[in-house]
Amino acid sequence: GTVLNGSVDVNDMIEFPSLGLQRKVKSMQMFKRQVSHIGQGDRAGICVSNLDAKLIERGTAATPGKVRLLTGAIAVVRKIPYYAGSLRSGSKFHVSVGHTTVMATVTFWGAKELLQHLAENESTNSISANSEKSEQTAKKTQQSYVGSSSLGDVNLAGLPRIGFSFDDDFLQQDQLLESVDGHDNPLHWALLEFQIPVYCPMESLIIGSRLDITDATGTSSTGGDATTSAPSSSGSVTSCRLAFAGRLMESVDLEQGQANQIKTYTVKERRGVIARLGDPHKRSDDSRVVRYEVFGADLFKKETNMKVFVGMRVETENTGDVGEIKSSYGTEGQFRVAFPAGTEAREGEGLIMRFKRFVHDDEKKMYQDLQLADARPGTRIESEKKKNKKQHLPKGIKPHGEVVSLKGDVLENGKHNMAIISGFFSMEVNIRERAGAKVRIPSTKEEGTVVGPFGKAGKCKVSFPDGISAGPGTKADLHLS
């Protein structure tokens, strides 16, 4: 047979895993020549003591304990381009591993993370490749991998040796992806759950096939989305049945639940809006007017336990500023968000809370990668609302109201020229005496004047010469002086 990895000397103990037997090497031959040592890539005959040759026809011999019985494994895989069907997670494939072909349920993930890993390594290697020492190391590495069809060279097999870590996070995938970020046929991680345990050394090459496809329509006994081309003139199916190739990188003990330790996650998000802005501040480093806190709504229900979400990060939809939920506000599911660097977001702009949940996490905890910006302090600006509080208003008159409806003609700019506003006057006030008082809409900075009453409930008509774009429910301020 062929030495796939490592070396063997005369008198070494070797194991036949499938038989559960260990025997001593008595002698070895290479091309009818006695040798005492063989290494990776060598083809040789091995004579061992006390072994019935009828017990084994094909199999693996190894250092005792090195080849274990696998119930599952993690492999780095790549789709075979000639296979026309899609490869869905949870589908069953015929997997040829070592000298055995068995059925296995396959789950794919990690295409994005593997692409980033390879890009980082390529960048590192390009920097070190300028030195003569790195060139010599590369040549030695290349030579050390030559000579094994099962543990083939990276360039020959297209499947690099990449260590898998159970500590890494991976985005869950429903199927093997055809491309990622413009890169076609990317590498994937794959979990193989064997129906029958197999003996095979790590780093062996594997092939996943759909040998059960029986006609040109892709019909198979195990289902799936296999697709084939039309049969040839002789009626035989001409499509490729080999679906993917891979390299075993990590054993997985399915009976011990080790597959649940793979940290795959799904991305979730909730959306709300900025219901009210906090006090304006003039930021010290660039003199821009920002808010260091805003009040959000529509992200949570009234009965939501807000303590669970305190400390979670949210992002403004248009400006991309990251803030942190500090507390609940009111009793309608509203909340207060703090922005250490300030935000120029406007009232009504969206707030997005993105997080990820791990598939095998029974507690369904929420995890985030968003980072808060460094603090950028500023000086508070006295707002119009604060100034209005200093007004000495007659009895029955309040400084703040709310747009009820829009009336009047539509101007050329598409805006109405009249609005009905409530909240400024009580029913006892003679609104006609207050005609001419200025009204300002803080959110749009539009200004108008009171022209008279509307009905008998303290509502007033306000004229806006340039039109009003604010809709019903918008806050309005009254200025008598």
Side-chain angles (χ1 to χ4, degrees), residues 70 72-115 118 149-162 164 170-196 198 200 203-250 252 264:
L70 302 178
I74 294 173
V76 58
V77 303
R78 192 191 298 274
K79 183 180 180 181
I80 294 174
Y82 302 107
Y83 183 80
S86 61
L87 306 182
R88 294 191 175 277
S89 292
S91 298
K92 292 182 179 180
F93 294 87
H94 295 86
V95 177
S96 298
V97 50
H99 297 287
T100 309
T101 297
V102 297
M103 291 295 294
T105 302
V106 184
T107 304
F108 302 100
W109 79 93
K112 180 179 178 181
E113 292 80 7
L114 275 171
L115 186 64
L118 293 175
S149 60
S150 181
L151 303 176
D153 175 59
V154 169
N155 295 326
L156 295 177
L159 298 161
R161 292 170 170 82
I162 303 176
F164 179 82
F170 302 95
L171 180 64
Q172 186 187 31
Q173 297 175 200
D174 295 329
Q175 62 182 11
L176 184 142
L177 304 179
E178 300 287 346
S179 65
V180 175
D181 297 336
H183 296 267
D184 294 333
N185 198 12
L187 290 169
H188 285 67
W189 288 116
L191 171 65
L192 310 173
E193 301 177 64
F194 300 116
Q195 282 191 355
I196 302 174
V198 296
C200 188
E203 299 194 5
S204 294
L205 296 183
I206 63 169
I207 295 176
S209 311
R210 294 301 297 269
L211 304 179
D212 52 334
I213 298 175
T214 57
D215 57 37
T217 63
T219 303
S220 63
S221 60
T222 57
D225 293 327
T227 304
T228 66
S229 61
S232 64
S233 58
S234 63
S236 62
V237 177
T238 59
S239 67
C240 178
R241 296 185 180 185
L242 305 182
F244 62 87
R247 187 190 298 276
L248 293 183
M249 300 307 303
E250 187 78 27
V252 176
T264 55

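Predicted model only: the values in this text are computed from it and were never measured.
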Specify the closest pair of heavy atoms between [X] and [Y], including all atoms of both residues, with the distance to one decimal.
{"X": "T105", "Y": "G90", "result": "CG2-O, 3.6 Å"}
{"X": "A190", "Y": "W109", "result": "C-CZ3, 3.5 Å"}
{"X": "E113", "Y": "L171", "result": "OE2-N, 3.0 Å"}
{"X": "D184", "Y": "S179", "result": "OD1-CB, 3.4 Å"}

How would you list, by chain and number, every residue that makes a side chain to side chain contact (heavy atoms under 4.5 Å, CB included) with [X], sequence neighbours excluded?
{"X": "A243", "result": "Y83, L87, F93"}
{"X": "N185", "result": "R78, K79, P81"}
{"X": "Q195", "result": "K92, M103"}
{"X": "L115", "result": "V180, D181, H183"}

message: Please enumerate all residues that pass side chain to side chain donor-acceptor pair (under 3.5 Å) together with Q173, with sequence neighbours excluded.
response: H188
message: Which residues pass the side chain to side chain donor-acceptor pair (under 3.5 Å) test with S89, not counting sequence neighbours?
response: none
Between CG on residue D174 and OG on residue S86, distance to nearest 0.5 Å: 11.0 Å
task: Measure the spacing between SG of C200 and CG of L205 and express it to the nearest 0.5 Å.
output: 9.5 Å
Report yes if the side chains of [X] and [Y] come closer than 4.5 Å at any heavy-atom pair, otherwise no.
{"X": "L192", "Y": "I206", "value": "yes"}
{"X": "L187", "Y": "P160", "value": "yes"}
{"X": "M249", "Y": "W189", "value": "yes"}
{"X": "F108", "Y": "V106", "value": "yes"}

- prompt: So among V95, V97, L242, which one has a side chain to side chain contact (heavy atoms under 4.5 Å, CB included) with I207?
  reply: L242
message: For the OH atom on Y82, are there more than 12 heavy atoms of other groups (residues, nucleotides or ligands in this structure) within a distance under 6.0 Å?
response: no
